[in-house]
Undergrad: 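A single structure is presented below for examination.
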Amino acid sequence: MLELAEQAIADKSGGEYELTITNCDRSVGARTSGAIAKAHGNLGMQDKPVRFNFTGHAGQSFGVWNAGGQELYLQGDANDYVGKGMAGGKIVIRQPETVEYASNETTIIGNTCLYGATGGTLYAAGCAGERFAVRNSGVHAVIEGAGDHCCEYMTGGLVTVLGQVGCNFGAGMTGGFAYVLDMDNTFVDKYNHELVEIHRVAPQHMEEYKNHLRSVIMGYIDATDSAWATHIVENFDDYIGRFWLVKPKAASLGALLNHMRSRPE
């Protein structure tokens, strides 16, 4: 990767490259992120990114420490720790075009993804394992389901889950917020009540959040072409009543979106 993109990084000119990947390939993207950060800082290549298009099955820590200006697109799936410590840029993971299974019923990334991440965007067209976005402090992420302990110790950013989650959602969560689609009305028993509270997105006084949620899902569709997300948007009025907004008790509901808008791109 560094050999392919070294000149583009040095010149800050951007580029796009095609590669295959296997689960023996771990911490993919770390070296190129280091080169970007050394030459331009964490966010210095946001306007001229280098994009790597992968096909296959990624090993652990795909996109670790991802720098702003690096975009990793993967058709396949990935192991644990996707986006660990990522600082910026974009990671997009979607199923191969040849498969026929429903993405919202299938795991596509492993456990403890976005551990300690501080910025950037993650779109994964499928479900995540346990402890998704643990200690996330700035990433905006969209997934289609998650295991136990999602958003654990989260201090910033936005997580949107278009499907089922496991128990103990939001344990120790003190910042950021989340949207969760609750298809079977069980979420009230799954979130951790100690530090977070939940609000329905559908009521009239939540119109701004309703519009924001729709725009988040539309951006996710543009990146992943998710059939499930497309179905939700096409039938948005039918689904909006099943969404919860999850926020820390100490956070002002009216200030959440203002904080999102101030996020550096």
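Residue numbers start at 1 and run along the sequence shown.
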Undergrad: Who pairs with Thr32 by side-chain hydrogen bond (donor to acceptor under 3.5 Å, both in side chains), at least two apart in sequence or on another chain?
TA: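 For Thr32, the residues satisfying side-chain hydrogen bond (donor to acceptor under 3.5 Å, both in side chains) (neighbours in sequence not counted) are Gln70.
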Undergrad: How long is the gap from OH on Tyr115 to OH on Tyr153, to the nearest 0.5 Å?
TA: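 Going from the OH atom of Tyr115 to the OH atom of Tyr153 covers 10.0 Å.
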Undergrad: Please list all pairs passing the ring pair (Phe, Tyr, Trp, His ring centres under 6.0 Å) test where one or both residues lie in residues 23-64, with sequence neighbours left out.
TA: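 Checked against ring pair (Phe, Tyr, Trp, His ring centres under 6.0 Å) - neighbours excluded - the pairs reaching residues 23-64 are Tyr17-Phe52, Phe54-Phe62.
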Undergrad: If we ignore hydrogens and angles and just use 3.5 Å, is the side chain of Asn211 paired with the main-chain N or O of Glu208 as donor and acceptor?
TA: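 Answer holds: no.
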Undergrad: The test is side chain to side chain contact (heavy atoms under 4.5 Å, CB included); show your working for Leu181 and Ile232 and say whether it passes.
TA: CA-CA 10 Å; Leu181 177 61; Ile232 291 172; 3.9 Å; yes
Undergrad: Would you say Asn111's side chain and Glu130's backbone share a donor-acceptor pair under 3.5 angstrom?
TA: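 Judged by distance alone, yes, a pair lies under 3.5 Å.
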Undergrad: Tell me whether Val134 shares a hydrophobic cluster with Val142, the cluster being built from Ile, Leu, Val, Met, Phe, Trp, Tyr side chains joined at under 4.5 Å.
TA: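 No; Val142 is not reachable from Val134 via cluster members.
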Undergrad: First locate atom OG of Ser33, then atom NZ of Lys38, and finally report the distance between them rounded to the nearest 0.5 Å.
TA: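 The distance works out to 14.5 Å.
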Undergrad: Parallel, tilted or perpendicular for Phe177 and Tyr179, by the 30°/60° rule?
TA: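 Geometry flag for Tyr179 against Phe177: perpendicular rings.
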Undergrad: Output the rest of the hydrophobic cluster of Leu195: all Ile, Leu, Val, Met, Phe, Trp and Tyr residues reachable through side-chain heavy-atom contacts under 4.5 Å, sorted by chain and number.
TA: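 Its cluster partners, ordered by chain and number, are none at all.
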Undergrad: Could you check whether any side-chain N or O of Lys12 sits under 3.5 Å from a backbone N or O of Gly44, counting only pairs where one atom can act as donor and the other as acceptor?
TA: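 Flag set: sc Lys12 to bb Gly44 pair under 3.5 Å.
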Undergrad: Please say yes or no: joined through hydrophobic side-chain contacts below 4.5 Å, possibly via intermediate residues, are Ile9 and Val64 part of one cluster?
TA: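 Different clusters: Ile9 never reaches Val64 through Ile, Leu, Val, Met, Phe, Trp or Tyr contacts under 4.5 Å.
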Undergrad: Could you grab the distance from atom CD1 of Ile217 to atom OG1 of Thr230, nearest 0.5 Å is fine?
TA: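 Going from CD1 on Ile217 over to OG1 on Thr230, the span is 10.0 Å.
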Undergrad: Rounded to the nearest 0.5 Å, what separation is found between the CD1 atom of Ile240 and the CG atom of Asp238?
TA: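 Those atoms lie 11.0 Å apart.
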Undergrad: Between Lys84 and Tyr81, is NZ or CZ placed under 6.0 angstrom from the six-membered ring centre and within 45° of the ring axis?
TA: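 Yes, a cation-pi geometry holds between Lys84 and Tyr81.
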Undergrad: Give the ring-plane orientation class for His231 versus Tyr239, where under 30° counts as parallel, over 60° as perpendicular and anything between as tilted.
TA: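 The rings of His231 and Tyr239 stand perpendicular, inter-plane angle above 60°.
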Undergrad: Establish, from distance only, whether the side-chain atoms of His199 and Glu197 form a donor-acceptor pair under 3.5 Å.
TA: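 Present: a donor and an acceptor within the cut-off.
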Undergrad: Do Leu19 and Asn53 make a side-chain contact, defined as non-hydrogen atoms from C-beta onward lying under 4.5 Å apart?
TA: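 No, too far: nothing below the 4.5 Å cut-off.
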Undergrad: Are Arg51 and Tyr73 in a cation-pi contact, defined as NZ or CZ under 6.0 Å from the six-membered ring centre and within 45° of the axis?
TA: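 Judged by the rule, Arg51 and Tyr73 form a cation-pi pair.
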Undergrad: With the side chain counted from C-beta on, respond yes when Asp80 and Thr112 share a heavy-atom pair under 4.5 Å apart, and no when they do not.
TA: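 Asp80 does not reach Thr112 side chain to side chain.
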Undergrad: What I'd like to find out is whether the side chain of Glu152 reaches to under 4.5 Å of the side chain of Arg135, using heavy atoms alone.
TA: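 Heavy-atom side-chain distance check fails, nothing below 4.5 Å.
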Undergrad: Quick one: are Lys190 and Val188 in side-chain contact, heavy atoms under 4.5 Å?
TA: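 A side-chain contact is absent here, since even the closest heavy-atom pair is not under 4.5 Å.
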Undergrad: Does Arg214 reach the side chain of Phe236, with side-chain heavy atoms less than 4.5 Å apart?
TA: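 In short, these two side chains touch, coming nearer than 4.5 Å.
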Undergrad: Could you please spell out the steps behind the side chain to side chain contact (heavy atoms under 4.5 Å, CB included) verdict for Ile109 and Asp77?
TA: CA-CA 6 Å; Ile109 55 178; Asp77 52 31; over 6 Å; no
Undergrad: Going by heavy atoms in the side chains, are Leu74 and Arg94 under 4.5 Å from each other?
TA: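 Heavy-atom side-chain distance check fails, nothing below 4.5 Å.
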Undergrad: State, without any angle test, whether Asn168 and Asn192 hold a side-chain donor-acceptor pair at a distance under 3.5 Å.
TA: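 A pair is found: one side chain offers a donor N or O, the other an acceptor, under 3.5 Å apart.
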Undergrad: Does Thr106 use its side chain to pair, donor to acceptor, with the backbone of Ser103 at less than 3.5 Å?
TA: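 No, the answer is negative, given that no donor and acceptor are paired below the 3.5 Å cut-off.
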Undergrad: With the side chain counted from C-beta on, respond yes when Ser226 and Tyr220 share a heavy-atom pair under 4.5 Å apart, and no when they do not.
TA: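 Result yes, sub-4.5 Å side-chain heavy-atom pair found.
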Undergrad: Can you find a pair of side-chain heavy atoms, one from Met1 and one from Leu72, that are under 4.5 Å apart?
TA: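 With C-beta onward as the side chain, the pair touches.
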